[in-house]
Amino acid sequence: MSPNQNKRARQYWLMKSEPDEASIDDLAREGTLPWTGVRNYQARNFMRDTMQIGDGVLFYHSSCPEPGIAGLAEVCSTPYPDPTQFDARSPYYDAASKPDAPRWLLVDVRYERKSTLIPLAALREHEELADMVVLRRGNRLSITPVTPAEWRFITGKLMR
DNA sequence: GCCAACGTTGGC
DNA sequence: GCCAACGTTGGC
């Protein structure tokens with residue numbers, strides 16, 4: 001049996017964060033951050049079932065004056081329960097989730113680099129990114145997959 | 001603040 | 001299981 005049996009190619013993600021809560025500068029200062037607050041099952045399932053340590057992350061600023069990609073990060077932990085779901089004083093508190101059966105999981109992400117902001121409007125200008133999940137009409141998912149081609153185009157051609 | 005789009009809830 | 005009502009996201 002090959003030692004690489006269980007490895008798979010690096011995958012890529014776009015993860016939205018409101019900079020008021022956690023910006024690329026916060027991540028740069030802290031080094032790593034737990035991705036707290038995801039309360040959507042599809043986004044949770046990406047973290048729980050598909051993400052692996054080392055996966056690439058486009059760090060996206062949302063719900064702010066200039067939404068767009070603000071830098072790069074990397075998944076740096078396996079999934080574990082989001083502690084804020086058990087904290088009654090947290091805005092992310094979920095009274096229905098019990099510690100012996102946590103409903104919400106998260107991963108940690110590690111800072112890689114900050115970039116000049118790539119605005120949402122700029123992403124929409126490129127034919128190469130026409131099928132990006134995050135750009136689809138009506139999309140609200142806070143974590144979306146990014147194809148290798150999209151990753152290469154954004155990090156190689158758009159990022160400064 | 002508006003509103004399109006989508007997810008969740010809960011009555012039936 | 002259906003589906004209307006409601007809540008949330010997030011760009012503009």
Side-chain angles (χ1 to χ4, degrees), chain A residues 11-30 32-51 55-75 77 79-109 111-147 149-151 153-155 157-160:
Chain A
Q11 291 187 8
Y12 306 101
W13 307 93
L14 182 144
M15 298 175 79
K16 295 180 187 173
S17 180
E18 301 188 13
D20 286 350
E21 282 197 48
S23 70
I24 191 70
D25 291 326
D26 295 325
L27 184 61
R29 187 171 50 249
E30 298 297 324
T32 72
L33 284 174
W35 207 264
T36 54
V38 170
R39 295 295 180 269
N40 168 283
Y41 289 104
Q42 230 183 312
R44 179 206 66 181
N45 292 349
F46 283 139
M47 293 195 285
R48 187 189 62 185
D49 303 332
T50 315
M51 274 186 187
D55 279 1
V57 173
L58 300 171
F59 192 107
Y60 181 95
H61 285 174
S62 73
S63 294
C64 58
E66 289 188 298
I69 295 168
L72 296 183
E74 194 172 276
V75 175
S77 82
Y80 64 95
D82 180 344
T84 63
Q85 72 195 300
F86 306 123
D87 177 1
R89 274 153 301 282
S90 167
Y92 300 121
Y93 180 59
D94 182 351
S97 181
K98 300 302 172 192
D100 58 354
R103 178 176 295 179
W104 305 111
L105 302 176
L106 53 68
V107 297
D108 294 341
V109 303
Y111 176 76
E112 198 135 309
R113 61 167 289 210
K114 182 179 179 174
S115 74
T116 56
L117 191 90
I118 307 173
L120 176 60
L123 297 174
R124 291 193 189 283
E125 289 171 1
H126 297 282
E127 183 60 32
E128 292 88 341
L129 304 178
D131 295 329
M132 265 193 100
V133 176
V134 74
L135 301 183
R136 283 182 198 160
R137 175 186 170 84
N139 167 76
R140 297 184 319 174
L141 260 187
S142 63
I143 299 176
T144 51
V146 173
T147 68
E150 290 161 352
W151 176 271
F153 184 79
I154 291 168
T155 60
K157 299 228 162 63
L158 299 187
M159 203 159 256
R160 293 289 176 266

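Note on naming: letters A, B, ... go to the chains in the order of the sequence lines (proteins, then strands), and numbering restarts at 1 for each one.
Going from atom CZ of A:Arg39 over to atom C1' of C:dG10 covers 19 Å, rounded to whole Å. Here C:dG10 presents its P atom at 15 Å from CG of A:Leu123, a figure rounded to the nearest Å. One atom, CG of A:Leu14, and another, P of C:dG10, lie 11 Å apart when rounded to the nearest Å. Put simply, CZ on A:Arg103 is 10 Å from P on B:dT8, counting in whole angstrom units. One interatomic measurement links the two molecules: NE2 of A:His61 to P of C:dG11, which rounds to 12 Å at whole-angstrom precision. Here the P atom of nucleotide C:dT8 and the CD atom of A:Gln42 are 19 Å apart, to the nearest Å. Atom CG in A:Leu135 sits roughly 11 Å away from atom P in C:dG11 (whole-Å rounding). A:Leu141 places its CG atom 13 Å from the P atom of C:dG11, with the value rounded to the nearest Å.
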For a quick test of your reading: what N or O donor-acceptor pairs under 3.5 Å do the side chains of residues 58-70 of chain A make, sequence neighbours left out?
| unit_1 | atom_1 | unit_2 | atom_2 | d |
| --- | --- | --- | --- | --- |
| A:His61 | NE2 | A:Ile24 | N | 3.1 |

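To the nearest 0.5 Å, the span separating CD on A:Gln42 from CZ on A:Arg140 amounts to 10.5 Å.
In this model, a donor atom of one side chain and an acceptor atom of the other lie less than 3.5 Å apart for A:Thr84 and A:Asp82.
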Between protein and nucleotides 5-7 of chain C, what N or O pairs are separated by less than 3.5 Å?
| unit_1 | atom_1 | unit_2 | atom_2 | d |
| --- | --- | --- | --- | --- |
| C:dG7 | N2 | A:Arg140 | NH1 | 3.3 |

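Taking the charged nitrogens against the carboxylate oxygens, A:Asp94 and A:Arg39 have no contact shorter than 4.0 Å, which rules out a salt bridge.
Residues passing the side chain to side chain donor-acceptor pair (under 3.5 Å) test with A:Asp108 are A:Tyr80, sequence neighbours excluded.
The closest side-chain heavy-atom distance from A:Tyr41 to A:Arg44 is below 4.5 Å.
Residue A:Lys16 has no polar side-chain atom (N or O) positioned under 4.0 Å from OP1 or OP2 of C:dT9.
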